[in-house]
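This report concerns only the one structure given below.
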Protein chains: 2
Amino acid sequence: MENNQTISHQLAHRTFREFTTDPVPEEVIDTLKKVVQWTASSTGKQASSVIRVTDPELKKQISEVCKQEYVARAPELWIFIADNARNVQIAKEVDSFAEGSADVRKFFAAYGDACLNVQNTYNAIESLGYGGVILGSIGNDPARVIELLHLPKYTFPVLGLAFGKPNQNPEQKPRMSMDFRFFENSYPELDNMLEQIADYDREMGTYYDLRNANQRVDKFSTQLAKYYAKPDEERQNMLKLIESQGFNLKPLD
Amino acid sequence: MENNQTISHQLAHRTFREFTTDPVPEEVIDTLKKVVQWTASSTGKQASSVIRVTDPELKKQISEVCKQEYVARAPELWIFIADNARNVQIAKEVDSFAEGSADVRKFFAAYGDACLNVQNTYNAIESLGYGGVILGSIGNDPARVIELLHLPKYTFPVLGLAFGKPNQNPEQKPRMSMDFRFFENSYPELDNMLEQIADYDREMGTYYDLRNANQRVDKFSTQLAKYYAKPDEERQNMLKLIESQGFNLKPLD
């Protein structure tokens, strides 16, 4: 197999949720900022930003949105936002902003930019011997995140990243075979999946998640049975919130 | 500054659009598949897949969606998709799939998973001496991409990645200062942005994009003036298409 430092870290990826109290040095922060700066972005618009949360009270409030108290203890907490605000402001200053032009395309371009930045930052962190956890859980209450961080119109919080020097030693969480996720030219028929993932299902059933140290996690199929058992009401109005942030999601007639 | 092989590549990031005809060796492909496999995913659901497009006719058809003929010439063309289809199928097989449960939360979790995979794959590619281009342009006509790749219900194409051995030597595209994109605890007031980005605006105006080798690109503010001059009708019905792929985006009453 082709290997190098970058790939070694990628293949050894684990999520870390507990950290030493050591602060992350400012020179590391400066490096990570450069990594964000040079990340690819849709048509070069750089439509994403980062809010670094250093205020302990604010961290605690974000951790409450995440419903994960370890978030408040992480040395670093960064919130990545889809950000058309700065670019809209510039367009307004050159007198060329049309109502409704912060549209579906611009929203998803910015959303994607923010996600690319999260993973690029994450790779940099892991390469420097730090560990972290990506926080989709800020999506539990994005309206509250908008309020806490004073996010203006034409922005939206996408993902958080908590990181520091790991203070735990978790197992790698098992993954399904790429036979189920990598296809050539065409998506295959899906049939007898439960039988096909039986080995993976068993493997996941023997994995210990450090969050519940004495309890095995559910089999993968059981996790999915719970995940699709009902719609998730908590996040169902997210598109309405995106619209209230100024984005035009209205379909054409 | 903190540095290592991973970060050196990240800070030297350039987009490459022209490649030698050398095929990417299968051992590299196998490594990249492992990188995708071990990428972080929302609550471990691994809700993304890759379609590797090897059929020349199909590549040509995708390049027409992208309106970029170089896409058809790239040695490798991968389409990253938000994929709830496999997981929904498993939930159905254990008789636990509720109508409407492929909802806003599941769509965005899968969309984010696909984006994280794109960047992680991209970092692996660059670390191995390859180069590539992320293709948001598959979004010009996602319905056509769905048709061409036979993408089933509960999937959606997110981004493409074309890559190979670079056969060109582009400049690094200038980036704005992180002073405008990295904030502490709170998003700042935006004011006099045009004045503040004046240096960057000038710098972008001297950059040569290899796609139009004899022509300088627009100043950044001019690019934005065009970008926000009107809504983008071509992509405005994307949410309708996502719904027609089986996702429940309907807000709660």
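Note on naming: letters A, B, ... go to the chains in the order of the sequence lines (proteins, then strands), and numbering restarts at 1 for each one. When reading the values below, keep in mind they use all heavy atoms of this one structure, side chains included, and skip hydrogens, waters and symmetry mates.
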Rounded distance [0.5 Å steps], CD1 in A:Ile242 versus CG in A:Asn248: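 Answer for the CD1-CG pair, A:Ile242 versus A:Asn248, is 12.5 Å.
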
Distance in Å, A:Leu161 CG paired with A:Thr121 OG1, rounded so as to fall on 0.5 Å steps: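 Answer rounded to 0.5 Å: 6.5 Å.
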
Among [options], single out the residue with the greatest number of heavy-atom pairs under 4.5 Å to chain A.
options                      : answer
B:Val158, B:Val53, B:Ile90   : B:Ile90
B:Asp232, B:Val35, B:Leu252  : B:Leu252
B:Arg105, B:Glu184, B:Gln172 : B:Arg105
B:Ile134, B:Leu249, B:Leu151 : B:Leu249
B:Ala12, B:Gly136, B:Gly100  : B:Gly100
B:Ser221, B:Ala91, B:Ala40   : B:Ala40

Interface moiety of [X] toward chain A, non-hydrogen atoms closer than 4.5 Å:
X        : answer
B:Thr39  : both
B:Lys92  : neither
B:Asp95  : neither
B:Lys240 : side chain
B:Ile146 : neither
B:Thr15  : neither
B:Ser177 : backbone
B:Val133 : neither
B:Ile62  : neither
B:Glu99  : backbone
B:Pro174 : backbone

Heavy-atom side-chain proximity of A:Ile51 to B:Tyr187 below 4.5 angstrom: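 Yes, at least one pair of side-chain atoms sits under 4.5 Å.
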
Expected output: side-chain B:Lys45 to main-chain A:Tyr227 donor-acceptor under 3.5 Å: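 No, B:Lys45 side chain to A:Tyr227 backbone: no donor-acceptor pair under 3.5 Å.
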
Centroid-centroid distance, B:Tyr228 to A:Tyr154, less than 6.0 Å: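 No, the ring centres sit 6.0 Å or more apart.
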
Check: B:Phe80 ring centroid to B:Tyr122 ring centroid under 6.0 Å: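 That pair fails the under 6.0 Å test.
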
Pair B:Ser49, B:Asp83: side-chain N/O donor-acceptor within cut-off below 3.5 Å: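 Checked: B:Ser49/B:Asp83 side chains pair up, N/O donor to acceptor below 3.5 Å.
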
Pair A:Asn84-A:Thr155, side-chain donor/acceptor within less than 3.5 Å: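 Checked: A:Asn84/A:Thr155 side chains show no N/O donor-acceptor pair below 3.5 Å.
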
Based on non-hydrogen pairs under 4.5 Å, which of [options] is most in contact with chain B?
options                              : value
A:Lys230, A:Arg235, A:Gln46          : A:Gln46
A:Leu32, A:Asn87, A:Leu190, A:Leu239 : A:Asn87
A:Glu189, A:Lys34, A:Glu27, A:Met176 : A:Met176
A:Glu93, A:Glu233, A:Met193          : A:Glu93

Residues forming a side-chain hydrogen bond (donor to acceptor under 3.5 Å, both in side chains) with A:Asn3, sequence neighbours excluded: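 Testing A:Asn3 for side-chain hydrogen bond (donor to acceptor under 3.5 Å, both in side chains), a comparison that skips the adjacent residues, returns A:Ser8.
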
Can I get a per-line list of side-chain donor-acceptor pairs under 3.5 Å for residues 123-132 of chain A, giving both atom names and the distance, sequence neighbours left out?
{"from": "A:Asn123", "atom 1": "OD1", "to": "A:Gln119", "atom 2": "NE2", "distance (Å)": "2.6"}
{"from": "A:Asn123", "atom 1": "ND2", "to": "B:Asn120", "atom 2": "OD1", "distance (Å)": "2.8"}
{"from": "A:Glu126", "atom 1": "OE2", "to": "A:His13", "atom 2": "ND1", "distance (Å)": "2.8"}
{"from": "A:Ser127", "atom 1": "OG", "to": "A:Ala124", "atom 2": "O", "distance (Å)": "2.8"}
{"from": "A:Ser127", "atom 1": "OG", "to": "B:Asn4", "atom 2": "ND2", "distance (Å)": "2.9"}

Aromatic plane relationship, B:Phe108 with A:Phe107 - under 30° parallel, 30 to 60° tilted, over 60° perpendicular: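 A:Phe107 and B:Phe108: perpendicular rings.
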
B:Lys173 NZ/CZ over B:Tyr207 ring centroid, <6.0 Å and within 45° of normal: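 Here B:Lys173 fails the 6.0 Å and 45° test against B:Tyr207.
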
